[in-house]
Colleague: 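Handing you a structure now.
Given the structure is predicted, the values throughout are model-derived calculations rather than measurements. Worth knowing before you read on, the calculation uses all heavy atoms, side chains too, and leaves out hydrogens, waters and symmetry mates. Numbers restart at 1 for each chain; the letters A, B, ... are given by sequence-line order, proteins then strands.
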2 protein chains.
Amino acid sequence: MPTPTYSLDDAIVALATPLAESALAVIRTSGPGSIELVASAFSRFSALKAASGNTLVHGFILAADGGLIDEVVLGVYRAPHGYTGEDSIEVFCHGSIPGVGRVIERLLEVGFRRAKPGEFTLRAFANGRMDLTRAEAVSEVIAAHTEESRMLALRRLSGALADRVGELKSGILAALAAVEVQLDYAEDDAAEDIELDIAGLGSIERSLRALASTAGRARLFRDGARVAIAGRTNAGKSSLFNLLLREDRSIVSDVHGTTRDYIEEWLDVAGVPVSLFDTAGLREPGDRVEAAGIERSGRVIGSAAVVLYLVDATGGLDDGDRDFLASHCDYTAKTGVAAGPVVIPIWNKVDREVPASPPGFIPVSVKKGEGVDHLLSVLGSVLLEGSAGGSSADGVTVASERQQALLERAADSLASAIASHRAGEPLDLVAPDLRDAVDALGEMTGEVSTADMLEEIFSRFCVGK
Amino acid sequence: MPTPTYSLDDAIVALATPLAESALAVIRTSGPGSIELVASAFSRFSALKAASGNTLVHGFILAADGGLIDEVVLGVYRAPHGYTGEDSIEVFCHGSIPGVGRVIERLLEVGFRRAKPGEFTLRAFANGRMDLTRAEAVSEVIAAHTEESRMLALRRLSGALADRVGELKSGILAALAAVEVQLDYAEDDAAEDIELDIAGLGSIERSLRALASTAGRARLFRDGARVAIAGRTNAGKSSLFNLLLREDRSIVSDVHGTTRDYIEEWLDVAGVPVSLFDTAGLREPGDRVEAAGIERSGRVIGSAAVVLYLVDATGGLDDGDRDFLASHCDYTAKTGVAAGPVVIPIWNKVDREVPASPPGFIPVSVKKGEGVDHLLSVLGSVLLEGSAGGSSADGVTVASERQQALLERAADSLASAIASHRAGEPLDLVAPDLRDAVDALGEMTGEVSTADMLEEIFSRFCVGK
């Protein structure tokens, strides 16, 4: 399998864990000779060279002059096993920032080169350890912002999508095989054309389109949505912002295990990763600084999928509130497609003596945390309803634009084949469409691939995977 | 070994890598039954239960209902081998933030509890896998900010300090044994007191004090030093700040391997971790905001070990510069101990037509990067000269306050024993001092330990180690 910049016949190294002070770090290597190369910088080189695959070996990484670099445990994998299907070593060393640098430096010294993004997974694909739908799922599993989106990607990683595509393809292949046999005979005599199973092929076409249509929702789960909090000054915007963040953070902080934690910037709303934006109070601009803030708020609101619009119920609605709500699409307005963000109006401070909330408003008390669960469930519904495309009954989805386009190409070619056959066209005009449908599905799993296509896919991975 | 809050007879779990999106994450478990507990949530539970120590097993972590949680490789360690000396599993899973949370959640469900800081290393100590000098070195290796400080800790981790302490202790023990034999006989008859090897014991005392005196420098390498950049407005402070940071960052960024990198805040100057502070221009305060900035600068300068004082050579020295330099200790002034920071005066912008630099100034052009290497080498010398205590010829050092205090206690007791013996005191007055010297060294390595002492040591570790 040729690639322009990813070579497959050398030994590569990369840090596979985040570069930060921690108990452990993992440095990953792979490629022909990688076990011998690591052994040349290892205290127990004979033990390592003799080690079987899937074993752990304890020792020290040594400098060229024999000095200690770090105490490590090595995970040994031998071809054709392990993640890449090549000889491979995973170095488990101390999670020290300068230490990780020194170990990698030493491995470069003995002959490794730095791995490019996705290069370990590219090798796994090239060595037949996984098809392309699984390979693409690897980076989606890692980058998932919520558990829901991770589970969708994990289903693809475990082969559910590849299996489904394989089934659909075999149906088309059966028809194509019959057509090709017929065409071979037709060269010899004027045998009558066979009848294709139009109903069966039509069902396959519908399945392809249904699978392609899961991409909208799958991408919502993968990429998330922007949600802005707006309203007049003192409506409670910052309090709501902090409340939503804090409730979510308390879950994240439960799994913290290191001194320097990553701060997650996504909220999980019904499984959809939500990035939340607070905005300056919406009111008549007083001076230049404020005007700049309000202009920025306008941009934030314009780029959001949903706006949580807070009204201070103790003050009631004013003209500014009415103008804003009138100029944006209410989430209760079921007709038409929203051009801008969908607005969820919120009647805040109901813990105090206030008028009943107007129709369509969600009554909450941010201060007491009342009504916030209901608000989140409405937000979740709005986000899911707003996503183009359907869901999948059995959880098999596609998220990648590439896969969606290939499914649509396969469906279109199949539809064209069905139409030609129905119109009584000869089989040698039907065959190319069937073949293209099969090829499109082959590209999905990587049976048919080009170097450019592979580079495009794997260059979006992180290094070390 | 009893501890008030660290129990040793249950199974513990912790994330051992930083919580961030990355190729891999490592979740560490240890304790009686940990292999069986993980197996109860693992797809290939029979293969795992049958696995030998030091092997790798591939499979899936499963939910209670059998659903997939993540695809993982398990590192299996069986007592008395592995880091902790207990049955232990390391889970290598995808570096997904929600995924790591789910795996840990599942392990808690099947019976693990969250590990406390340093609890894996505490168990390694309790199970005789390492003495206390090695255990303390583990967290120092991880937290080291420069390669130099990491190597000092790594020498301790590899046992160099424990060996040295062992040698010195055995010398004292020999004397103590001779004394105790003599005391046993003395109960029976009036045998003459033996002569102790005063010269040998004196040499041991000097070695103990020399080792204790390495703590000043070792702590400089461990904890680092604050360096402030000061000078008038437009002297080039921010440019120097950025130049020093950029040169250092380019090294760090070479080893980056993840999409979200940790930003290292330390510069490496001659192996000393330096945290660099820029200050506001020093001039007459014009308004309140500026006054606040200048007050802050004063505090930064006051708490710094070294001040890099920049003068714009095109303008020359003014009264403000002269006042500042006169009121602080010049690095060329060799007499006395500096009460405040040591000042290194810098003659900046020598790429232009400027007067020759005054005596004691370091000529540089921050713009062209000229003279900066010399500046760094002067800074390194000033930092190292400023650290109390000596260096160690063979690289064996102590950094912990606890170890330094114990070495000094052993030396003092030994000195007292020597003095008593010289003064002709009876051996039963000499013996307690010798015993105390032996006990102090025993506390260093943990042969003598208390629960409070262990809790004090390990609670400062990060979780997962």
Side-chain angles (χ1 to χ4, degrees), chain A residues 14-26 28 54-57 60 68 70-71 73 75 77 90 92 94-102 104-105 120 138 141-147 150-151 154-155 157-158 251-252 254-262 264 268 462-465, chain B residues 14-26 28 54-58 68 70-71 73 75 77 90 92 94-102 104-105 120 138 141-147 150-151 154-155 157-158 251-252 254-262 264 268 462-465:
Chain A
L15 180 61
T17 46
L19 185 59
E21 184 184 320
S22 55
L24 290 179
V26 183
R28 192 175 232 181
N54 300 314
T55 61
L56 295 159
V57 181
F60 289 86
L68 298 186
D70 201 7
E71 185 174 6
V73 171
Y77 300 90
E90 283 171 356
F92 308 113
H94 289 99
S96 142
I97 296 171
V100 163
R102 271 298 285 131
I104 291 180
E105 213 172 73
F120 292 90
V138 168
V141 165
I142 290 170
H145 299 301
T146 69
E147 181 58 12
R150 193 182 72 89
M151 290 309 294
L154 195 63
R155 287 226 58 181
L157 179 60
S158 67
I251 301 162
V252 171
D254 253 15
V255 302
H256 89 114
T258 60
T259 47
R260 293 170 192 282
D261 274 342
Y262 164 83
E264 177 57 270
D268 181 340
C462 66
V463 174
K465 196 70 212 186
Chain B
L15 179 62
T17 47
L19 184 60
E21 184 184 320
S22 55
L24 291 179
V26 183
R28 191 174 236 184
N54 299 315
T55 61
L56 294 159
V57 181
H58 170 265
L68 298 186
D70 201 7
E71 187 175 6
V73 171
Y77 300 89
E90 282 171 357
F92 308 114
H94 288 100
S96 142
I97 296 172
V100 163
R102 272 297 286 131
I104 291 180
E105 213 171 73
F120 293 90
V138 168
V141 165
I142 289 169
H145 300 300
T146 68
E147 181 57 13
R150 194 182 70 89
M151 290 309 294
L154 195 62
R155 287 224 60 179
L157 180 59
S158 67
I251 301 164
V252 170
D254 253 14
V255 302
H256 89 114
T258 61
T259 47
R260 294 171 190 282
D261 273 343
Y262 165 83
E264 176 58 89
D268 182 339
C462 65
V463 173
K465 197 72 215 185

Colleague: Quick one: closest heavy-atom pair of A:Ala16 and A:Gly464, and the distance?
Modeller: CB-O, 3.9 Å
Colleague: With chain B as the partner, which of A:Ser158, A:Gly95, A:Gly99 has the greatest number of non-hydrogen pairs under 4.5 Å?
Modeller: A:Gly99
Colleague: Any side-chain heavy atom of A:Glu90 within less than 4.5 Å of one from B:Leu56?
Modeller: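 Counting from C-beta outward, A:Glu90 and B:Leu56 never come under 4.5 Å.
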Colleague: Check each atom of A:Val73 against the heavy atoms of chain B and say whether the ones under 4.5 Å are side chain, backbone, both or neither.
Modeller: side chain
Colleague: In terms of heavy-atom pairs under 4.5 Å with chain A, which of B:Lys465, B:Arg150, B:His58 leads?
Modeller: B:Arg150
Colleague: Please tell me if the side chains of A:Thr17 and A:Leu24 come closer than 4.5 Å, counting only heavy atoms from C-beta onward.
Modeller: no
Colleague: Under a 4.5 Å heavy-atom cutoff, which of A:Glu147, A:His94, A:Arg155 has the most pairs with chain B?
Modeller: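 If we count pairs closer than 4.5 Å to chain B, A:Glu147 comes out on top.
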Colleague: Please state whether the side chain, the backbone, both or neither of A:Phe120 comes within less than 4.5 Å of a heavy atom of chain B.
Modeller: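 Contact with chain B involves no heavy atom of A:Phe120 at all.
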Colleague: Which bit of A:Val141 is near chain B, if near means a heavy-atom gap under 4.5 Å: side chain, backbone, both or neither?
Modeller: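 Both backbone and side chain.
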Colleague: Sort A:Arg28 into side chain, backbone, both or neither according to what part of it lies under 4.5 angstrom from a heavy atom of chain B.
Modeller: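 Interface part for A:Arg28: side chain.
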Colleague: Indicate whether the side chain of B:Glu21 and that of A:His145 have a donor and an acceptor atom separated by less than 3.5 Å.
Modeller: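 A:His145 and B:Glu21 do not have a side-chain donor-acceptor pair below 3.5 Å.
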Colleague: Which atom pair, heavy atoms only, marks the closest approach of B:Pro18 to A:Ala20?
Modeller: CG-CB, 3.7 Å
Colleague: If you define the side chain from C-beta out and look only at heavy atoms, does anything of B:Val463 sit under 4.5 Å from B:Leu15?
Modeller: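 Result no, sub-4.5 Å side-chain heavy-atom pair not found.
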Colleague: In terms of heavy-atom pairs under 4.5 Å with chain A, which of B:Asn54, B:Asp70, B:Leu68 leads?
Modeller: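 Going by pairs under 4.5 Å, I would pick B:Asn54.
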